[in-house]
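Report on the structure given below.
When a residue number appears, it is its place in the shown sequence, counting from 1.
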Amino acid sequence: MTIDTADGVEAVGVAPAADPGFLQRHGTTIEYILIPGAALVGALAVFGVFVALFGKNPLDLYFYMYQGAFGTSFSWQNTLTRAAPLILTALCTALPAQLGMVIIGGEGALLIGALAATGAALALPSMPPLVVQLAVVCAGMIGGGLWIMLSGGLRQYRGVNETISSLLLVYIALAILNHLVEGVMRDPASLNKPSTREIGAANMIGSIPGTDVHWGLVFGLIAAVASYILIYHTVFGFAARVAGGNIRAAKIVGLGVGKLIMTICFLAGASAGLAGMVEVAAVQGRTNANLAAGYGFTGILVAFLARQNPLAIIPVAVLLGGISASGGLLQRRLGLPDASVQVLQGIIFAFVLASDALYGRIGFLKGKS
């Protein structure tokens, strides 16, 4: 056996887990998978204890959660339908996070985007469906983008904390929606639940052929991939991450921090506004109070669980969408309140926040013995 062959055999015999260099190179990636996964498992265990206090079997809980989320073709389609707006609203939090900003106003941008999309459709009653659909998409994105850009502007030019302002803007958006839906945009035929007039069946964006999943899922996937490319493979994204790491240093080297903040906030809001458009043009067909379903707030959880990574948002959104989709089955089979899913989401969020302290502190992932 030659020396080269012996070296090759020896190299093959070394397991990656036993190679300190491997752990040093990939330890951070492993952390980003291991720690959120452990937080999720811990949250499910605590939720199982919570359910057991009501006399229910936790194993039945986990079984029905799986069945309701991924057990059948119908479950999968329901899960993916719910995941679509979660991907888009999660990007509303994940994109500004690259600049060190904590934006939690995706729900408000979703509502404004829905209102803008509905207004665009109702303003073009005689136009071809394709024109109306394009106008609806643009209106939704512009409406949501400007709404979150308002929070970015308050941060940049008035020193207002973006977390507080974006949250307060959610309630302002909800008040605007209620005012318009119950006022000038109200359909006289909507007696019990005020809503706008329908945008028309021809103007709906429909479902992916062969499925009951609407095209919003495709919009979400495209937006997530495009966001990843923008942040990690462009000069603009590199500048945003530099500013997010040290905003003072970014100003010293001449980066236009204000421009970065306003652009990122617009793109973030446009993503959530697109989710609002999807809810109108693919699900509801009109704007009403049902649009305030909490997708924007759940998107915050998705973004944090995905560590603000646009690509990681996709599987996390599917997982959280599945948990949401299983709520009805849990209510029917175990007699749990429908709000129990929201309790689980709250527990997950608490575990994710608590697990943040573990990053960089797991010795064996640094290649240490």
Minimum heavy-atom separation for [X] to [Y], with atom names?
| X | Y | result |
| --- | --- | --- |
| A90 | A303 | O-CB, 3.6 Å |
| S75 | T72 | OG-OG1, 2.9 Å |
| C92 | G106 | SG-CA, 3.7 Å |
| Q133 | N203 | CG-O, 3.5 Å |
| V257 | K251 | CG2-CG, 3.6 Å |
| M262 | G152 | SD-C, 3.9 Å |

query = So W76 and F70, would you call those rings parallel, tilted or perpendicular, with 30° and 60° as cut-offs?
reply = tilted
Minimum side-chain heavy-atom gap [X]-[Y] below 4.5 Å:
| X | Y | result |
| --- | --- | --- |
| I205 | F219 | yes |
| M127 | V132 | yes |
| E107 | T89 | no |
| V136 | I199 | no |
| L344 | I323 | yes |
| T263 | L267 | yes |
| I231 | I264 | yes |
| L274 | M277 | yes |

Should the heavy atoms of other residues, nucleotides or ligands under 6.0 Å from [atom1] of [X] be counted, would the total exceed 12?
| X | atom1 | result |
| --- | --- | --- |
| F236 | CZ | yes |
| Y171 | OH | no |
| R333 | CZ | no |
| R197 | CZ | no |

Give the table of side-chain donor-acceptor pairs shorter than 3.5 Å for residues 38-66, with sequence neighbours excluded, one pair per line with atom names and distance.
| from | atom 1 | to | atom 2 | distance (Å) |
| --- | --- | --- | --- | --- |
| K56 | NZ | L334 | O | 3.0 |
| N57 | OD1 | L59 | N | 2.9 |
| Y62 | OH | L44 | O | 2.7 |

State the [atom1]-[atom2] distance between [X] and [Y], to the nearest 0.5 angstrom.
| X | Y | atom1 | atom2 | result |
| --- | --- | --- | --- | --- |
| S324 | L319 | OG | CG | 11.5 Å |
| L99 | I261 | CG | CD1 | 6.0 Å |
| R82 | L86 | CZ | CG | 9.5 Å |
| I112 | L174 | CD1 | CG | 9.5 Å |
| L221 | L217 | CG | CG | 4.5 Å |
| I313 | L88 | CD1 | CG | 9.5 Å |

Quick one: do [X] and [Y] end up in the same hydrophobic cluster if we chain Ile, Leu, Val, Met, Phe, Trp and Tyr together by side-chain heavy atoms under 4.5 Å apart?
| X | Y | result |
| --- | --- | --- |
| L111 | V184 | yes |
| V316 | V102 | yes |
| Y232 | L260 | yes |
| L353 | L305 | yes |
| I348 | L34 | no |

task = Mind running ring pair (Phe, Tyr, Trp, His ring centres under 6.0 Å) on H233 and Y228 for me, showing each step along the way?
result = CA-CA 8 Å; H233 295 282; Y228 178 82; 5.6 Å; yes
ask   = Could you walk me through whether V213 and S207 pass the side chain to side chain contact (heavy atoms under 4.5 Å, CB included) check?
value = CA-CA 5 Å; V213 182; S207 300; over 6 Å; no
query = Where do D356 and R307 land on the side chain to side chain contact (heavy atoms under 4.5 Å, CB included) test, with the steps shown first?
reply = CA-CA 10 Å; D356 195 68; R307 298 292 297 173; 2.6 Å; yes
request  = Could you pull out all residues at least two apart from S190 that satisfy side chain to side chain donor-acceptor pair (under 3.5 Å)?
outcome  = none
ask   = Quick one: side chain to side chain donor-acceptor pair (under 3.5 Å) partners of N309, sequence neighbours excluded?
value = none
Would the distance check show the side chain of [X] and the main-chain N or O of [Y] forming a donor-acceptor pair, the cut-off being under 3.5 Å?
| X | Y | result |
| --- | --- | --- |
| Q98 | G237 | no |
| T196 | M185 | no |
| E279 | A275 | no |
| T79 | A69 | yes |
| S355 | F351 | yes |
| S271 | L91 | no |
| N78 | F74 | no |

Taking only distance into account, with no hydrogens and no angle test, what donor-acceptor pairs under 3.5 Å do side-chain atoms of residues 139-151 form with protein atoms, sequence neighbours excluded?
| from | atom 1 | to | atom 2 | distance (Å) |
| --- | --- | --- | --- | --- |
| W147 | NE1 | L169 | O | 3.3 |
| S151 | OG | E162 | O | 3.4 |
| S151 | OG | S165 | OG | 2.7 |

inquiry  = Does R155 form a side chain to side chain contact (heavy atoms under 4.5 Å, CB included) with N161? I'd like the steps, not just the answer.
reply    = CA-CA 6 Å; R155 151 75 183 270; N161 182 278; over 6 Å; no
message = Which Ile, Leu, Val, Met, Phe, Trp or Tyr residues join L168 in one cluster when any pair of side-chain heavy atoms under 4.5 Å counts as a link?
response = I164
Donor-acceptor contacts under 3.5 Å from residues 281-298 side chains, at least two apart:
| from | atom 1 | to | atom 2 | distance (Å) |
| --- | --- | --- | --- | --- |
| R286 | NH1 | S195 | OG | 2.9 |
| R286 | NH2 | E198 | OE2 | 2.7 |
| T287 | OG1 | T118 | OG1 | 2.4 |
| N288 | OD1 | N290 | N | 2.9 |
| N290 | OD1 | K193 | NZ | 2.7 |
| T298 | OG1 | G294 | O | 3.1 |

query = Can L180 and L115 be said to form a side chain to side chain contact (heavy atoms under 4.5 Å, CB included), step by step?
reply = CA-CA 9 Å; L180 294 177; L115 275 173; 4.1 Å; yes
